[in-house]
Student: 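Let me give you the structure first, and then I'll get to my questions.
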Amino acid sequence: TKSFAVSAGDGIKTVSYECRDNSNNSTVVSDSILLDTVAPFAPTIITYTPGFNNTGIFTVGWSGGAGDGTGSGIATYDIRRSADSGVSWTTVITGATGTSFTQSPALSQGSYRYQVRAVDNAGNIGIYSSNTNVAVVDTTLPLPPTSIMYAPNPNTTGTQVVTWSGASDSGGSGIATYDIRRSADS
């Protein structure tokens with residue numbers, strides 16, 4: 001066993017040595033190693049599919065920036081979650097090998113922020129992403145409109161304009177669409 005220092009700086013280093021026996025026969029052996037002392041960059045894009053949902057189960061994905069230049073490549077990712085706008089964090093997964101995971105078990109109603117960091121093949125740990133977008137779990141039913149109006153009323157043309165106001169959603173996802181139904185019954 002022989003210890004030696006390689007030249008400074010990250011990159012490919014070639015190590016060679018010669019083995020010689022007592023009869024002066026020799027064999028030269030060389031190999032290349034990759035010196036990687038630089039941590040990988042944090043992912044820059046965090047996505048939630050769906051971003052608003054009522055089940056508490058959704059997919060968290062990430063991309064962008066997670067490379068480590070000319071280093072050893074990305075080995076795994078660590079993921080953490082905050083339910084209080086980033087004041088405190090809970091580790092969700094360490095050692096994830098893909099670029100997405102499905103949040104399970106289901107989360108309760110609220111807004112959740114995720115951050116991801118990369119770990120490269122040399123064991124260097126990057127910083128967590130600075131994600132600001134949130135996944136919203138909304139299990140609260142929206143409140144119905146409080147005022148519905150028809151114009152013209154009475155109607156002689158068979159065409160009416162229906163307007164309403166007062167619909168609201170306190171669950172965090174907001175009103176997305178309205179379903180309008182009519183009945184021919186009196």
Student: With side chains defined as the heavy atoms from C-beta onward, is the minimum distance between N124 and D36 less than 4.5 Å?
Tutor: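 Yes, close enough: below the 4.5 Å cut-off.
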Student: Nearest 0.5 Å, what's the CD1-CG distance between I125 and D120?
Tutor: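 These two atoms lie 9.0 Å from each other.
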Student: Assess, by modelled atom type and distance only, whether the side chains of Q103 and T59 contain a donor and an acceptor separated by less than 3.5 Å.
Tutor: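 Distance-only check fails for Q103 and T59.
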Student: Are I79 and W62 side-chain neighbours, meaning at least one heavy-atom pair lies under 4.5 Å?
Tutor: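 I79 reaches W62 side chain to side chain.
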Student: Please report the interatomic distance CD1(I46) to OG(S63), rounded to the nearest 0.5 Å.
Tutor: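 One gets 8.0 Å once the value is rounded to the nearest 0.5 Å.
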Student: Using 0.5 Å steps for rounding, measure from the CZ atom of F41 to the CD1 atom of I74.
Tutor: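 If we round to the nearest 0.5 Å, F41:CZ and I74:CD1 are 9.5 Å apart.
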Student: Within the 3.5 Å criterion, strictly below it, is a donor on S82 or D84 matched to an acceptor on the partner's side chain?
Tutor: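 Checked: S82/D84 side chains pair up, N/O donor to acceptor below 3.5 Å.
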Student: Would you say S129 and Q115 are linked by a side-chain donor-acceptor pair, where the criterion is simply a distance under 3.5 Å?
Tutor: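 Judged by distance alone, the side chains do not pair up.
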Student: Would a single hydrophobic cluster contain both V60 and V136, if residues Ile, Leu, Val, Met, Phe, Trp and Tyr are joined by side-chain heavy-atom contacts under 4.5 Å?
Tutor: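 No, V136 does not connect to V60 through the hydrophobic network.
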Student: Without hydrogens or angle criteria, can the side chains of S72 and N121 be said to hold a donor-acceptor pair below 3.5 Å?
Tutor: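 Their side chains do not contain a donor-acceptor pair, so the 3.5 Å distance test is not met.
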Student: Indicate whether the side chain of N155 and that of T157 have a donor and an acceptor atom separated by less than 3.5 Å.
Tutor: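 Looking only at side-chain atoms, T157 and N155 do form a donor-acceptor pair, the distance falling under 3.5 Å.
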Student: Mind checking the OG-OH spacing from S26 to Y17? Nearest 0.5 Å is all I need.
Tutor: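 Those atoms lie 13.0 Å apart.
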Student: Treat each ILVMFWY residue as a node, draw an edge where side-chain heavy atoms are under 4.5 Å apart, and state whether L35 and V15 are in one component.
Tutor: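 Per the 4.5 Å side-chain linkage, L35 and V15 are co-clustered.
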Student: Quick check: closest heavy atoms across S173 and D138, and the distance to 0.1 Å?
Tutor: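 Reported closest heavy-atom pair: OG-OD2, 2.6 Å.
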Student: Is there a side-chain contact between V6 and I33 in this structure, where contact means two heavy atoms from C-beta onward sitting under 4.5 Å apart?
Tutor: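 SC-SC contact between V6 and I33 confirmed.
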Student: Between K13 and S32, does any side-chain donor sit less than 3.5 Å from a side-chain acceptor?
Tutor: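 No, no side-chain donor-acceptor contact under 3.5 Å.
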Student: Tell me if the centroids of the rings in Y114 and Y48 come within less than 6.0 Å of each other.
Tutor: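 So the answer is yes for these two rings.
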Student: Could you tell me the separation between the CG atom of D78 and the CZ atom of R80, rounded to the nearest 0.5 Å?
Tutor: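 Those atoms lie 10.0 Å apart.
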Student: Under the 6.0 Å and 45° cation-pi test, does R117 pair with Y77?
Tutor: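 Checked: cation-pi criterion not met.
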